[in-house]
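Reading through the structure tokens given below for one structure.
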Amino acid sequence: QVQLVESGGGLVQAGGSLRLSCAASGRIFSNYVMGWFRQAPGKDREFVSAITWSGSRTYYADSVKGRFTISSDKAMNTVFLQMNSLKPEDTAVYYCAVASALRNINSANAYDYWGQGTQVTVSS
């Protein structure tokens with residue numbers, strides 16, 4: 001069992017930055033993948049970024065590539081999502097999730113554990 005707690009969301013103006021954190025507890029294995037998804041009102045949950053727990057591989061959706069950076073601190077059991085040059089279309093609830101294998105990681109169905117989400121609102 002893995003528990004995830006996100007933090008760091010908030011209200012920011014377009015062009016601004018936020019850093020989201022996801023603190024993980026429980027049994028986490030080296031082959032796990034940590035992902036970030038987001039869901040805007042009336043839309044499906046969409047993949048944002050992912051990182052292998054070893055930190056050796058990172059993945060990004062095209063919509064955030066070059067603006068968002070995912071990283072991890074294994075000593076703290078925490079994954080971060082640095083979001084720069086934010087746009088109003090980035091407004092959503094952001095969720096942290098854990099997958100037990102590096103497979104279909106851009107699909108929400110691949111993830112076994114989810115956090116409660118944190119709201120990010122970008123004003124124009």
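Each residue takes its place number in the sequence, starting with 1. Keep in mind that what you see is a predicted model, and the values were worked out from it rather than measured.
More than 12 heavy atoms of other shown residues, nucleotides or ligands fall within 6.0 angstrom of atom NZ in Lys65.
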Original post:
For Thr52 and Thr58, what are the C-alpha separation, side-chain angles and deciding distance, and is it a side-chain contact (heavy atoms from CB on, under 4.5 Å)?
Top reply: CA-CA 7 Å; Thr52 54; Thr58 59; over 6 Å; no

Original post:
Can you list the steps and then say if Ser54 with Ser30 is a side-chain contact (heavy atoms from CB on, under 4.5 Å)?
Top reply: CA-CA 6 Å; Ser54 66; Ser30 59; 5.8 Å; no

Original post:
Do Tyr94 and Gln39 pass the side-chain contact (heavy atoms from CB on, under 4.5 Å) test, and can you show the C-alpha distance, the side-chain angles, and the key distance before you say yes or no?
Top reply: CA-CA 7 Å; Tyr94 282 70; Gln39 188 166 19; over 6 Å; no

**OP:** Test Phe68 against Asn84 for side-chain contact (heavy atoms from CB on, under 4.5 Å), laying out the working first.
**Re:** CA-CA 6 Å; Phe68 290 11; Asn84 298 329; over 6 Å; no

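The hydrophobic clustering, which links ILVMFWY residues whose side-chain heavy atoms are closer than 4.5 Å, places Val33 and Val2 apart. Ile105 and Val79 are assigned to two separate hydrophobic clusters, defined by single-linkage of ILVMFWY side chains at heavy-atom distances under 4.5 Å. Note on Val93 and Leu18: separate hydrophobic clusters, where clusters join Ile, Leu, Val, Met, Phe, Trp and Tyr whose side-chain heavy atoms are under 4.5 Å apart, directly or indirectly. Clustering ILVMFWY residues whenever any of their side-chain heavy atoms sit less than 4.5 angstrom apart, transitively, puts Phe80 in a cluster other than the one holding Trp36. Residue Val64 is not grouped with residue Phe47 when hydrophobic side chains (ILVMFWY) are merged at heavy-atom distances under 4.5 angstrom, including chains of intermediate members.
Residue Ile70 comes nearest to Met34 through the heavy atom pair CD1-O, 4.1 Å, listed as atom of the first residue, atom of the second, then distance. When all heavy atoms of Ala24 and Leu4 are compared, the pair lying nearest together is CB-CD2, 3.6 Å. Of all heavy-atom pairs between Thr69 and Tyr60, the closest is CA-OH, 3.4 Å. Closest approach of Gln82 to Ser17, counting heavy atoms only: NE2-CB, 3.9 Å. What you find for Ala110 and Asn104 is that their closest heavy atoms are CB-O, 3.3 Å. Minimum heavy-atom separation, Ala92 to Arg38: CB-CB, 3.7 Å.
Trp53 places a side-chain heavy atom less than 4.5 Å from the side chain of Asn77. Between Leu102 and Asn31 there is no side-chain heavy-atom pair separated by less than 4.5 Å.
The backbone N or O of Val122 lies less than 3.5 Å from no partner atom in the side chain of Gln13, so there is not a single donor-acceptor pair. Between the side chain of Ser72 and the main chain of Lys74, no donor-acceptor pair closer than 3.5 Å is present. Side-chain atoms of Arg67 come within 3.5 Å of backbone atoms of Ser85 as a donor-acceptor pair (strictly under, hydrogens ignored).
A side-chain N or O of Gln3 and one of Ser25 form a donor-acceptor pair less than 3.5 Å apart. No donor-acceptor contact under 3.5 angstrom links the side chains of Thr91 and Glu89, judged on distance only. Using modelled atom types, one finds no donor on one side chain facing an acceptor on the other under 3.5 Å when comparing Thr78 with Asp73.
Ring orientation note: the planes of Trp114 and Tyr95 are nearly perpendicular, at an angle over 60° on the 30°/60° scale.
Interatomic distance, CE of Met83 versus CG of Leu20, reported as 3.5 Å (0.5 Å rounding).
Using a cut-off of 4.0 Å between Lys/Arg side-chain N and Asp/Glu carboxylate O, Asp90 and Lys87 are scored as not salt-bridged.
Under the 6.0 Å cut-off for aromatic ring centres, Tyr111 and Phe37 qualify, their centroids lying closer than that.
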